[in-house]
A.B. asks: 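Shown below is the structure under consideration.
Computed from a predicted model, the values in this text were never measured in an experiment. Note that these values count all heavy atoms, side chains included, but never hydrogens, waters or copies made by symmetry.
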Amino acid sequence: TRTSRPQRILKAVQRKATVGDPQSVITAIDHFCRHREWAMNVGDEKGSILDSVVNEVSPVTVLELGTYCGYSTVRIARLLPPGACVITLEFNPDYAAIARQVIKWSGLEDKVQLVEGASGDWIPWMKEHFGVQAFDLVFLDHWKERYLPDTKLLEECGLIQKGTVLLADNVICPGTPDYLEYVRNSPHYNSQYYRSHLEYTKAEDGLEKSVFLGY
Ligand SMILES: O=C(NC/C=C/[C@H]1O[C@@H](Sc2ccncc2)[C@H](O)[C@@H]1O)c1cc([N+](=O)[O-])cc(O)c1O
Ligand SMILES: [Mg+2]
């Protein structure tokens with residue numbers, strides 16, 4: 001095929017969005033994915049829930065697992081005050097290259113640190129390499145079978161502390177049953193489900209917000 005879907009998403013941003021205007025980047029991607037080609041961005045409906053959680057937490061340090069084209073990275077970064085940042089991990093170099101351009105178009109590159117690699121390899125190095133004490137907010141939107149192991153790894157590395165908020169996409173569709181069972185049954189988390197829909201569709205999906213209560 002000629003171009004990839006992420007490349008077509010970037011083209012839509014470059015055609016329809018205004019440089020330096022994050023909202024126009026978000027609107028351009030949502031319009032493209034709703035009217036041209038579906039893509040696995042968190043989308044506008046769940047995106048509004050993500051926005052409300054970011055505003056509620058007012059995080060200084062955010063970790064995003066799974067950048068894809070940078071749609072949720074832009075949604076998060078546009079809400080961050082000066083000095084706050086989002087570190088976003090992306091495994092696929094082609095997706096990372098597109099996401100860098102989407103983030104640049106939105107004018108938010110100073111608030112974003114895009115790291116290419118696998119969460120499992122990078123999480124143990126977060127403290128040393130980025131000087132992170134603990135994350136205030138973690139947005140999980142990568143491989144669904146990695147949600148639980150990466151959460152446990154974040155705990156083991158001391159990157160989740162009392163008050164840290166985990167926000168997980170797709171807990172219904174495609175689903176993350178082992179992760180849900182863990183955060184809902186653990187005495188160390190206070191978990192709640194925000195019912196919504198799978199991006200750009202009528203199917204049910206939702207976000208799970210889990211606050212770490214400390215040990
Ligand atoms: O599969 C889904 N998401 C997986 C996302 C994966 C993203 O994260 C890295 S993997 C990685 C990144 C960092 N570290 C390790 C691995 C991939 O390169 C991709 O950019 C998904 C699927 C549907 N759906 O309807 O089928 C809907 C959604 O909202 C979804 O998020
Ligand atoms: Mg998702």
Side-chain angles (χ1 to χ4, degrees), residues 5-6 30 33-34 38-54 56-57 59 62-73 75-76 86-92 95 99 115 117-124 126 134-215:
R5 182 166 307 178
D30 283 331
C33 293
R34 189 171 287 282
W38 186 92
M40 61 181 175
N41 317 115
V42 73
D44 45 356
E45 195 179 315
K46 289 187 289 179
S48 299
I49 300 167
L50 170 61
D51 290 356
S52 62
V53 172
V54 173
E56 174 198 323
V57 175
V62 184
L63 174 65
E64 174 180 65
L65 300 175
T67 317
Y68 188 44
C69 296
Y71 173 89
S72 48
T73 322
R75 283 203 83 108
I76 294 166
V86 45
I87 297 172
T88 182
L89 294 187
E90 178 48 54
F91 180 73
N92 181 313
Y95 294 169
V115 179
S119 46
D121 299 335
W122 266 99
I123 286 170
M126 284 287 158
F135 289 108
D136 303 305
L137 173 66
V138 181
F139 181 55
L140 299 94
D141 193 20
H142 60 331
W143 290 332
K144 307 315 160 193
E145 67 279 3
R146 288 297 312 176
Y147 282 28
L148 183 52
D150 285 342
T151 296
K152 290 181 172 174
L153 188 56
L154 285 163
E155 289 172 3
E156 284 155 27
C157 298
L159 288 162
I160 290 178
Q161 287 177 359
K162 189 174 167 57
T164 296
V165 173
L166 306 184
L167 188 66
D169 189 27
N170 310 118
V171 295
I172 302 301
C173 177
T176 61
D178 59 345
Y179 172 82
L180 265 194
E181 201 265 336
Y182 179 75
V183 290
R184 288 178 174 175
N185 296 330
S186 165
H188 303 294
Y189 288 97
N190 185 19
S191 217
Q192 75 186 90
Y193 175 60
Y194 292 80
R195 187 165 188 225
S196 184
H197 295 95
L198 180 67
E199 49 267 28
Y200 319 116
T201 78
K202 292 186 167 38
E204 180 178 350
D205 189 22
L207 302 174
E208 187 83 0
K209 185 182 90 169
S210 308
V211 185
F212 190 64
L213 302 171
Y215 290 107

A.B. asks: What distance do His188 atom NE2 and Ile160 atom CD1 have between them, rounded to the nearest 0.5 Å?
C.D. replies: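 Interatomic distance, His188 NE2 to Ile160 CD1, rounded to 0.5 Å: 12.0 Å.
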A.B. asks: Are the side chains of Phe135 and Val165 in contact, using a 4.5 Å heavy-atom criterion?
C.D. replies: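 No. Closest side-chain heavy atoms not under 4.5 Å.
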A.B. asks: Measure the OG-CD1 distance between Ser196 and Ile49 for me, rounded to the nearest 0.5 Å.
C.D. replies: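 Going from the OG atom of Ser196 to the CD1 atom of Ile49 covers 4.0 Å.
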A.B. asks: Please round to the nearest 0.5 Å and tell me the distance separating atom CG of Leu207 and atom CG of Leu140.
C.D. replies: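 Rounded to the nearest 0.5 Å, the CG-CG separation comes out at 11.0 Å.
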A.B. asks: How close do Gly120 and Pro124 get, counting heavy atoms only, and between which atoms?
C.D. replies: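 Smallest heavy-atom distance, with atoms named: O-CD, 3.4 Å.
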A.B. asks: To the nearest 0.5 Å, how far apart are OG in Ser119 and CD in Glu64?
C.D. replies: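 Separation between the atoms: 12.0 Å.
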A.B. asks: Is there a side-chain contact between Ser210 and Tyr179 (heavy atoms, below 4.5 Å)?
C.D. replies: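 The answer is yes, as the side chains (C-beta and beyond) meet within the 4.5 Å cut-off.
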A.B. asks: In the structure I gave you, are the side-chain heavy atoms of Trp38 and Glu199 within less than 4.5 Å of one another anywhere?
C.D. replies: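 Of all side-chain heavy-atom pairs linking Glu199 with Trp38, at least one is under 4.5 Å.
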A.B. asks: Looking at every non-hydrogen atom in both residues, tell me the closest pair between Gly158 and Ala134 and how far apart they are.
C.D. replies: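 Heavy atoms of Gly158 and Ala134 come nearest at O-CB, 4.2 Å.
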A.B. asks: Testing Asn170, Asp178, Thr176 one by one against Lys144 for a side chain to side chain donor-acceptor pair (under 3.5 Å), which residue passes?
C.D. replies: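 Considering Asn170, Asp178, Thr176, a side chain to side chain donor-acceptor pair (under 3.5 Å) with Lys144 is found only for Asn170.
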A.B. asks: Are the charged groups of Asp150 and Arg146 less than 4.0 angstrom apart, N to O?
C.D. replies: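 A salt bridge links Asp150 with Arg146.
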A.B. asks: Would you sort out whether His142 and Leu89 count as a side-chain contact (heavy atoms from CB on, under 4.5 Å), showing the intermediate values?
C.D. replies: CA-CA 9 Å; His142 60 331; Leu89 294 187; over 6 Å; no
A.B. asks: Mind listing the closest non-hydrogen atom pair of Pro187 and Leu213 along with its distance?
C.D. replies: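 Here Pro187 and Leu213 meet closest at O-CD1, 3.5 Å.
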A.B. asks: For Thr67 versus Ala99, what's the shortest heavy-atom pair and its separation?
C.D. replies: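 Nearest pair, atom of Thr67 first, then Ala99: CG2-CB, 3.6 Å.
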A.B. asks: Do any N or O atoms from the side chain of Ser48 and from the backbone of Asp44 form a donor-acceptor pair under 3.5 angstrom?
C.D. replies: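 Yes; at least one donor-acceptor contact below 3.5 Å.
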A.B. asks: Walk me through whether Asp141 and Tyr71 qualify under side-chain contact (heavy atoms from CB on, under 4.5 Å).
C.D. replies: CA-CA 11 Å; Asp141 193 20; Tyr71 173 89; over 6 Å; no
A.B. asks: When rounded to the nearest 0.5 angstrom, what distance separates CD in Glu156 from OG1 in Thr151?
C.D. replies: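 Glu156 atom CD to Thr151 atom OG1 measures 11.0 Å (nearest 0.5 Å).
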A.B. asks: Work out which heavy atom in Val42 is nearest to a heavy atom in Ser72; give both atom names and the distance.
C.D. replies: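 In terms of heavy atoms, the two residues are closest at CG1-CB, 4.1 Å.
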A.B. asks: Is a side-chain donor or acceptor of Asn190 paired with a backbone partner of Val211 at a separation under 3.5 angstrom?
C.D. replies: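 Not confirmed, Asn190 side chain does not pair with Val211 backbone.
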A.B. asks: Is the cationic atom of Arg5 (NZ for Lys, CZ for Arg) positioned less than 6.0 Å from the six-membered ring centroid of Tyr68 and within 45 degrees of its normal?
C.D. replies: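 Verdict for Tyr68: no cation-pi partner in Arg5.
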A.B. asks: Say you draw a straight line from CZ of Arg195 to CD of Glu208; how long is it, rounded to the nearest 0.5 Å?
C.D. replies: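 Arg195 atom CZ to Glu208 atom CD measures 14.0 Å (nearest 0.5 Å).
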A.B. asks: Indicate yes or no for a side-chain donor-acceptor contact from Thr164 to the backbone of Gln161 under 3.5 Å, with no hydrogens or angles considered.
C.D. replies: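 Yes, because the side chain of Thr164 sits within donor-acceptor range (under 3.5 Å) of the backbone of Gln161.
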A.B. asks: Are Trp122 and Ile87 close enough, and set up right, to give a side-chain contact (heavy atoms from CB on, under 4.5 Å), and what steps lead you there?
C.D. replies: CA-CA 11 Å; Trp122 266 99; Ile87 297 172; over 6 Å; no
A.B. asks: Between Tyr182 and Tyr147, is the side-chain contact (heavy atoms from CB on, under 4.5 Å) condition met? List the steps.
C.D. replies: CA-CA 10 Å; Tyr182 179 75; Tyr147 282 28; over 6 Å; no
A.B. asks: Of the non-hydrogen atoms in Gly206 and Ile172, which two are nearest, and what is the gap between them?
C.D. replies: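 What the structure gives for the nearest pair is N-CG1, 4.2 Å.
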A.B. asks: Phe212 versus Val138: any side-chain heavy-atom pair under 4.5 Å?
C.D. replies: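 Not touching, per the 4.5 Å side-chain cut-off.
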A.B. asks: Look at atom CZ of Phe91 and say whether more than 12 heavy atoms of other residues, nucleotides or ligands are closer to it than 6.0 Å.
C.D. replies: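 Atom CZ in Phe91 is not crowded, with 12 or fewer foreign heavy atoms closer than 6.0 Å.
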